[in-house]
Amino acid sequence: MRIARFSIDGNVAFGVVEGDAATEGGPVLDIIKGHPFAEFERSGQRVPLDKVRLLPPVLPNKVVAIGRNYAEHARELGGEVPDVPVAFFKPSTSVAGPGDPIVYPSFSQEVHHEAELAVVIGRMCREVPRERARDVILGYTCANDVTARDVQRREQQWARAKGFDTSCPLGPWVETDVDPGDLAIMCTVNGEQRQLGRTSEMVRSVEDLIVHITEAMTLLPGDVILTGTPAGVGPLNVGDEVAVTIEGIGTLTNKVIKRG
């Protein structure tokens, strides 16, 4: 099931995406009653997908991101995979949706794309055993961990480098019925392939990351875990269109603009 969050006529709602581009009339949204973090009913009220504005699929209380979870990416940045997962936060204000602009930060001259699988948490959880990790997941979406690389190198903490406004595009929806173990993940810039990998190349699995994170903190419904990026990260410039595509989920597309 694909669950999207959207705006139409000034109202915000969740809906189940039905059909695809090959479907007669195109995909539609069946608006749901309530929200997807509890049992819900479909209203039967349908609206064409191309008539709405897709929003970030969730508004997380926190985004917990994992660094250097692909060995080749760690090496391209001049390091090795750390002995334990390296976690950092991206604030809720960094979240952007599909089609939203990525605003190039004024304090950086080297901004990079990082295509990532994002895990959306479905219920409050803490100290989750590995065998129960899948039970706390609502689904998965595409993410771009946009990074001010020069600032990351300069500053010991990554808060500004990875937490600036619009540095965490998410979308286009949450896919609840996909196995994250071996999905193709790709990033293109202006149609040119930059990153191509598989989630099976992750050093630590989704389950391992949930165990590690919830040892320390409570995750809430709608919180997001970014699972790391494959090799091939590179620069973004004003005017670029960057797209993250994950097998079985969809494509998240954003354009880079200059801060006004």
Task: Candidates Ile137, Val120, Val224, Val119 - the one meeting side-chain contact (heavy atoms from CB on, under 4.5 Å) with Val174 - done: Val120
Open item on the list: Any heavy-atom pair between the side chains of Val111 and Pro105 that's under 4.5 Å?
Closed with: yes
Task: Side-chain ion pair, Glu155 and Lys162, N-O less than 4.0 Å - done: no
Task: Heavy-atom side-chain proximity of Leu49 to Val28 below 4.5 angstrom - done: no
Open item on the list: Would Arg160 pass as a cation-pi partner of Phe107, given that its NZ or CZ must be under 6.0 Å from the six-membered ring centre and within 45 degrees of the axis?
Closed with: yes
Task: Asp30 side chain near Ile32 side chain, heavy-atom distance below 4.5 Å - done: no
- [ ] Rounded to the nearest 0.5 Å, what's the gap from NE2 on His112 to CG on Asn144? Could you check?
- [x] 12.0 Å
- [ ] Return each pair, listed once, that meets ring-ring contact (aromatic ring centres under 6.0 Å, His included) where at least one residue sits in residues 148-203; pairs must be two or more places apart or across chains.
- [x] Phe88-Trp158
TODO: Using a strict 4.0 Å threshold on nitrogen-to-oxygen distance, state whether Asp150 and Arg153 make a salt bridge.
DONE: no
Task: Side chain to side chain, Phe40 and Ile3, heavy atoms closer than 4.5 Å - done: yes
TODO: Could you tell me the separation between the SG atom of Cys142 and the CD atom of Glu116, rounded to the nearest 0.5 Å?
DONE: 11.5 Å
Open item on the list: Do Arg194 and Pro235 make a side-chain contact, defined as non-hydrogen atoms from C-beta onward lying under 4.5 Å apart?
Closed with: yes
Open item on the list: What I want to find out is whether Glu114 reaches Arg149 closely enough, with some N-O distance under 4.0 Å, to be called a salt bridge.
Closed with: yes
Open item on the list: Strictly distance-based, threshold 3.5 Å: is any side-chain N or O of Glu207 a donor or acceptor partner for the main-chain N or O of Arg134?
Closed with: no
Task: Side chain to side chain, Ser167 and Lys90, heavy atoms closer than 4.5 Å - done: yes
Distance-only check: which donor-acceptor pairs under 3.5 Å involve side-chain atoms of residues 53-68, not counting sequence neighbours?
residue, atom, partner, partner atom, Å
Arg53, NH2, Asp100, OD1, 3.1
Lys62, NZ, Thr218, O, 2.9
Lys62, NZ, Asp223, OD2, 2.7

Open item on the list: Do the side chains of Lys255 and Asp240 get close enough for a salt bridge, i.e. N-O under 4.0 angstrom?
Closed with: no
Task: Donor-acceptor contact below 3.5 Å, side chain Asn69 vs main chain Arg204 - done: yes
TODO: Answer yes or no: is there an ion pair linking Arg2 with Glu175, defined by an N-O contact shorter than 4.0 Å?
DONE: yes
- [ ] Output yes when Asp9 and Lys51 qualify as a salt bridge under the 4.0 Å nitrogen-oxygen rule, no when they do not.
- [x] no
TODO: State, yes or no, whether a side-chain contact exists between Arg130 and Asp208 at a heavy-atom distance under 4.5 Å.
DONE: yes
Open item on the list: Could you tell me if the side chain of Ile225 sits less than 4.5 Å from the side chain of Leu219, heavy atoms only?
Closed with: yes
Task: Under-4.0 Å salt bridge between Arg198 and Glu201 - done: no
